[in-house]
Q: 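Pasting in a structure now, in structure tokens, and then I'll have a few things to ask.
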Amino acid sequence: PTNSIGLLVNPNNQTTEASTRDLQAAARSVGQSTLVLNASREADFDAAFATLIHERAGAIMVSGDALFQNRRGRLVELAAQQKMPAIYGRREYPNIGGLMSYGASTLDQYRQSGLYVGRILKGVRPADLPVLQPTKFELVINLSRLDMVSPDSQASACLPSGRNST
């Protein structure tokens, strides 16, 4: 197993620099190195995954970006073809075959948006409403894709019991 984690990012996204810096710091804190892979169009996906394989990365984290969300089927397909453990920021990925996701609950965000609209319709000025951060997060693991995780990898220790026995 390697200590390298691929980070798929869109260099055209304004949040990429800050989020990449945060992810690299988090990886370093647990002894992992990162390999930043840029993709600003779907045509870049194949090269990014080829680099992951060539550099022997142990997993990939796909950043939250509209391009990636809109092309999630292709990203899930590439990860499955390469048997590359992948984590995504939205539950839609494991719902279509990806290994796992961790991120803010989309359903809760929609609920919060509806509450805001309701308050505005009742006469509250939008400027008087507080800015809210997500408070509900979801970890979704697609148990049918556990074949992507090697039984001897560090990740297997975090999976449901019985998985790390050979």
Q: Could you check Lys136 against Leu107 for side-chain contact (heavy atoms from CB on, under 4.5 Å), going step by step and ending with a plain yes or no?
A: CA-CA 9 Å; Lys136 184 175 182 183; Leu107 185 61; over 6 Å; no
Q: Without placing hydrogens or testing angles, list every side-chain donor-acceptor pair under 3.5 Å for residues 57-64, not counting sequence neighbours.
A:
{"unit_1": "Ser63", "atom_1": "OG", "unit_2": "Leu8", "atom_2": "O", "d": "2.9"}

Q: Could you go through the side-chain contact (heavy atoms from CB on, under 4.5 Å) check for Thr106 and Arg91 one step at a time?
A: CA-CA 8 Å; Thr106 304; Arg91 74 175 304 124; 5.7 Å; no
Q: Hydrophobic cluster membership, with links at side-chain heavy-atom distances under 4.5 Å among I/L/V/M/F/W/Y: are Met100 and Leu143 in one?
A: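 As far as the 4.5 Å side-chain criterion goes, Leu143 and Met100 are connected within one cluster.
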Q: Find the distance between CZ (Arg56) and CG (Leu35) and round it off to the nearest 0.5 Å.
A: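 If we round to the nearest 0.5 Å, Arg56:CZ and Leu35:CG are 13.5 Å apart.
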Q: Just verifying a value: how many Å separate Arg28 CZ and Thr34 OG1, rounded to the nearest 0.5 Å?
A: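 Nearest 0.5 Å value for the CZ-OG1 distance: 7.0 Å.
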Q: Counting only heavy atoms from other residues, nucleotides and ligands, does the tally under 6.0 Å from CD of Gln81 exceed 12?
A: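 Yes, CD of Gln81 has more than 12 neighbouring heavy atoms, counting only those of other groups under 6.0 Å.
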Q: Would you find a donor on one side and an acceptor on the other, under 3.5 Å apart, between the side chain of Ser101 and the backbone of Tyr88?
A: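 Looks like no, no N/O pair under 3.5 Å.
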Q: Should Phe45 and Ile53 be counted in the same cluster of Ile, Leu, Val, Met, Phe, Trp and Tyr side chains packed under 4.5 Å apart?
A: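 Yes, because Phe45 and Ile53 connect within a single hydrophobic cluster, where side-chain heavy atoms sit under 4.5 Å apart.
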Q: In the single-linkage hydrophobic clustering (I, L, V, M, F, W, Y; side-chain heavy atoms under 4.5 Å), do Leu99 and Leu7 co-cluster?
A: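 Same cluster.
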Q: How long is the gap from CG on Asn38 to CG on Asp44, to the nearest 0.5 Å?
A: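 So the gap between those two atoms works out to 8.5 Å.
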Q: Please round to the nearest 0.5 Å and tell me the distance separating atom CD of Glu77 and atom CZ of Arg72.
A: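 Glu77 CD to Arg72 CZ: 14.0 Å, rounded to 0.5 Å.
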Q: Is it possible for you to say whether Val36 and Phe68 belong to one hydrophobic cluster, with membership spreading through side-chain heavy-atom contacts below 4.5 Å?
A: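 Looking at the clustering, Phe68 is in a separate group from Val36.
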Q: Hydrophobic cluster membership, with links at side-chain heavy-atom distances under 4.5 Å among I/L/V/M/F/W/Y: are Val76 and Val140 in one?
A: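 No, Val76 and Val140 fall in different hydrophobic clusters.
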Q: Return the minimal non-hydrogen interatomic distance between Gly97 and Arg145, and the atom names on each side.
A: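 Where Gly97 meets Arg145 most closely, the heavy atoms are O-CG, 3.1 Å.
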Q: Within this structure, what is the CG-CZ distance for the pair Leu78 and Phe49, rounded to the nearest 0.5 Å?
A: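 So the gap between those two atoms works out to 5.0 Å.
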Q: Where do Ile141 and Leu146 land on the side-chain contact (heavy atoms from CB on, under 4.5 Å) test, with the steps shown first?
A: CA-CA 9 Å; Ile141 300 173; Leu146 290 180; 4.2 Å; yes
Q: Under the salt bridge (charged side-chain N to carboxylate O under 4.0 Å, His left out) rule, what do Arg74 and Asp46 come out as? Steps first, then yes or no, please.
A: CA-CA 10 Å; Arg74 181 67 181 137; Asp46 288 321; 2.7 Å; yes
Q: Rounded to the nearest 0.5 Å, what separates atom CG in Leu139 from atom CD1 in Ile87?
A: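 The CG atom of Leu139 sits 6.5 Å away from the CD1 atom of Ile87.
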Q: Step through the shown structure and confirm whether more than 12 heavy atoms of other residues, nucleotides or ligands are within 6.0 Å of CD on Glu42.
A: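 Yes, the 6.0 Å shell around CD holds more than 12 heavy atoms from other groups.
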Q: What are the two closest non-hydrogen atoms of Asp65 and Leu67, and how far apart are they?
A: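 Heavy atoms of Asp65 and Leu67 come nearest at OD2-N, 2.9 Å.
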Q: Could you go through the side-chain contact (heavy atoms from CB on, under 4.5 Å) check for Leu52 and Leu37 one step at a time?
A: CA-CA 8 Å; Leu52 280 173; Leu37 305 158; 3.5 Å; yes
Q: Kindly write out the residues that satisfy side-chain contact (heavy atoms from CB on, under 4.5 Å) with Asp22, not counting sequence neighbours, or none if the list is empty.
A: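 If we apply the side-chain contact (heavy atoms from CB on, under 4.5 Å) test to Asp22, skipping adjacent residues, there are no hits.
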Q: May I ask you to check whether over 12 heavy atoms, not counting those of Phe137, lie within 6.0 Å of atom CZ?
A: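 Counting neighbours around CZ of Phe137, more than 12 heavy atoms of other residues, nucleotides or ligands fall under 6.0 Å, so yes.
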Q: Donor-acceptor check, side chain of Tyr93 to backbone of Gln69, threshold 3.5 angstrom: yes or no?
A: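 Side chain of Tyr93 to backbone of Gln69, a donor-acceptor pair under 3.5 Å: yes, one is there.
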Q: Are Leu129 and Ile120 packed together at the side-chain level, in the sense that at least one heavy-atom pair is separated by less than 4.5 angstrom?
A: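 Yes, close enough: below the 4.5 Å cut-off.
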